[in-house]
Amino acid sequence: MGYYDQKIMIATCDKKGNITGEIERWEAHKKGILHRAFTLALIYKGNYILQHRKHPLFNGVFDVTSSSHQIMNNGVLEDTIAASTRTLFREWKIDEKDIVGKMKVTGAVYYKAKDPNSIYWEHEYCDVVEVKVNRIPEPNYEVSYGASLVTPKELRNKKSKTWKILSPWTIVAIEKGFL
């Protein structure tokens, strides 16, 4: 069974990130229900690693660098850093020896966006997690078409080719100053 086929329970929340319940992830995305999530910003030598996203939701956009959900388990929300560690291994084969310093949550963003090419919505309170790495990892091609390395200036340039294909949550995180 592939990752996208797995039934995963995630946390519903309010616009401030306070947990209000739980829901199966695809039901949340079909109905546009607000839920908790996180995005990982992988940084190599001061530059951002972008993931060319291969996903049922916002397929083909560039993400900084991976995005996923903290999992609910018996009514308890998984810690964001623990969820980030799990996602780094699944999507990039990164483990602790590849990380420089400590992963840190730089902020959180609220957004809602309809995927124009599917039935799904992203409606999330999303923690932004910064991760410095000592190598450029190879993406897992089950969840990625590839990766690119961009400077912070290029990432933040609204006139760049990169900006035009960034994920909605990445744009909000940039505008809020978290990337």
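What you see is a predicted model, and the numbers here were worked out from it, not measured in a lab.
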Under 3.5 Å, is there a donor-acceptor pair between the side chain of [X] and the main chain of [Y]?
{"X": "Lys161", "Y": "Ile165", "result": "no"}
{"X": "Lys176", "Y": "Ala108", "result": "no"}
{"X": "Thr85", "Y": "Ile81", "result": "yes"}
{"X": "Arg156", "Y": "Leu179", "result": "yes"}
{"X": "Asp79", "Y": "Ala82", "result": "yes"}
{"X": "Ser148", "Y": "Ile49", "result": "no"}

Polar side chain donor-acceptor pair, [X] to [Y], under 3.5 angstrom:
{"X": "Trp169", "Y": "Asp63", "value": "yes"}
{"X": "Tyr145", "Y": "Asn59", "value": "yes"}
{"X": "Glu78", "Y": "His69", "value": "no"}
{"X": "Ser160", "Y": "Asn157", "value": "no"}
{"X": "Ser84", "Y": "Thr87", "value": "no"}
{"X": "Gln70", "Y": "Thr80", "value": "yes"}
{"X": "Thr65", "Y": "Gln51", "value": "no"}

Next on the checklist: For His29 together with His123, are the ring centres under 6.0 Å from each other?
Outcome noted: no
Is there side-chain contact between [X] and [Y], with at least one heavy-atom pair below 4.5 Å?
{"X": "Val150", "Y": "Phe62", "result": "no"}
{"X": "Lys104", "Y": "Val129", "result": "no"}
{"X": "Asn140", "Y": "Trp92", "result": "no"}
{"X": "Leu77", "Y": "Arg36", "result": "yes"}
{"X": "Trp26", "Y": "Pro56", "result": "yes"}

Is [X] linked to [Y] within one hydrophobic cluster, defined over Ile, Leu, Val, Met, Phe, Trp and Tyr using a side-chain heavy-atom separation of less than 4.5 Å?
{"X": "Ile10", "Y": "Ile19", "answer": "no"}
{"X": "Ile43", "Y": "Leu40", "answer": "no"}
{"X": "Val109", "Y": "Val105", "answer": "no"}
{"X": "Val131", "Y": "Tyr48", "answer": "no"}
{"X": "Leu166", "Y": "Tyr111", "answer": "yes"}

Checklist entry - Given the rule in the side-chain contact (heavy atoms from CB on, under 4.5 Å) test, do His35 and Tyr125 qualify, once you have shown the distances and angles that lead to the verdict? => result CA-CA 6 Å; His35 59 277; Tyr125 181 89; over 6 Å; no
Item to check | Lys114 atom NZ, neighbour heavy-atom count above 12 within 6.0 Å | outcome: yes
Next on the checklist: Within the supplied structure, the quantity of interest is the number of heavy atoms (other residues, nucleotides, ligands) at a distance under 6.0 Å from Lys102 NZ; does it exceed 12?
Outcome noted: no
Item to check | Candidate pair Asp98 and Lys93, rule salt bridge (charged side-chain N to carboxylate O under 4.0 Å, His left out), full reasoning | outcome: CA-CA 9 Å; Asp98 301 312; Lys93 303 273 189 277; over 6 Å; no
Checklist entry - Closest approach of Glu122 and Leu57, non-hydrogen atoms and distance? => result OE2-CD2, 3.0 Å
Checklist outcome for this item: Minimal heavy-atom distance between Ala28 and Ile23, with the atoms involved, is CB-CG2, 3.6 Å
If I take atom [atom1] from residue [X] and atom [atom2] from residue [Y], how far apart are they, to the nearest 0.5 angstrom?
{"X": "Phe178", "Y": "Thr170", "atom1": "CZ", "atom2": "OG1", "value": "13.5 Å"}
{"X": "Glu96", "Y": "Ile94", "atom1": "CD", "atom2": "CD1", "value": "12.5 Å"}
{"X": "Met103", "Y": "Leu42", "atom1": "CE", "atom2": "CG", "value": "10.0 Å"}

Checklist entry - Do Lys16 and Asp14 pass the salt bridge (charged side-chain N to carboxylate O under 4.0 Å, His left out) test, and can you show the C-alpha distance, the side-chain angles, and the key distance before you say yes or no? => result CA-CA 5 Å; Lys16 293 183 179 182; Asp14 63 22; over 6 Å; no
Checklist entry - Is any NZ, NE, NH1 or NH2 atom of the basic residue among Glu124 and Arg25 found under 4.0 Å from an Asp or Glu carboxylate oxygen of the other? => result no
Item to check | Pro168: side chain to side chain contact (heavy atoms under 4.5 Å, CB included) partners, not counting sequence neighbours | outcome: Phe58, Ala113
Next on the checklist: Before you tell me yes or no, could you show the steps for Ile99 and Leu88 under side-chain contact (heavy atoms from CB on, under 4.5 Å), namely the whole-Å CA-CA distance, both residues' side-chain angles and the distance that decides it to 0.1 Å?
Outcome noted: CA-CA 10 Å; Ile99 297 170; Leu88 284 172; 4.1 Å; yes
Checklist entry - Hey, mind stepping through Leu50 and Leu155 against side-chain contact (heavy atoms from CB on, under 4.5 Å) and telling me if it holds? => result CA-CA 9 Å; Leu50 301 181; Leu155 180 68; 4.0 Å; yes
Next on the checklist: Cation-pi check for Trp121 against Lys31: NZ or CZ below 6.0 Å from the six-membered ring centre and within 45 degrees of the axis, yes or no?
Outcome noted: no
Item to check | Within 45° cone and under 6.0 Å: Lys112 NZ/CZ vs Tyr110 ring | outcome: no
Next on the checklist: With side-chain hydrogen bond (donor to acceptor under 3.5 Å, both in side chains) as the test, pick out the partner of Glu91 among Ser66, Ser68, Ser67, Ser144.
Outcome noted: Ser66
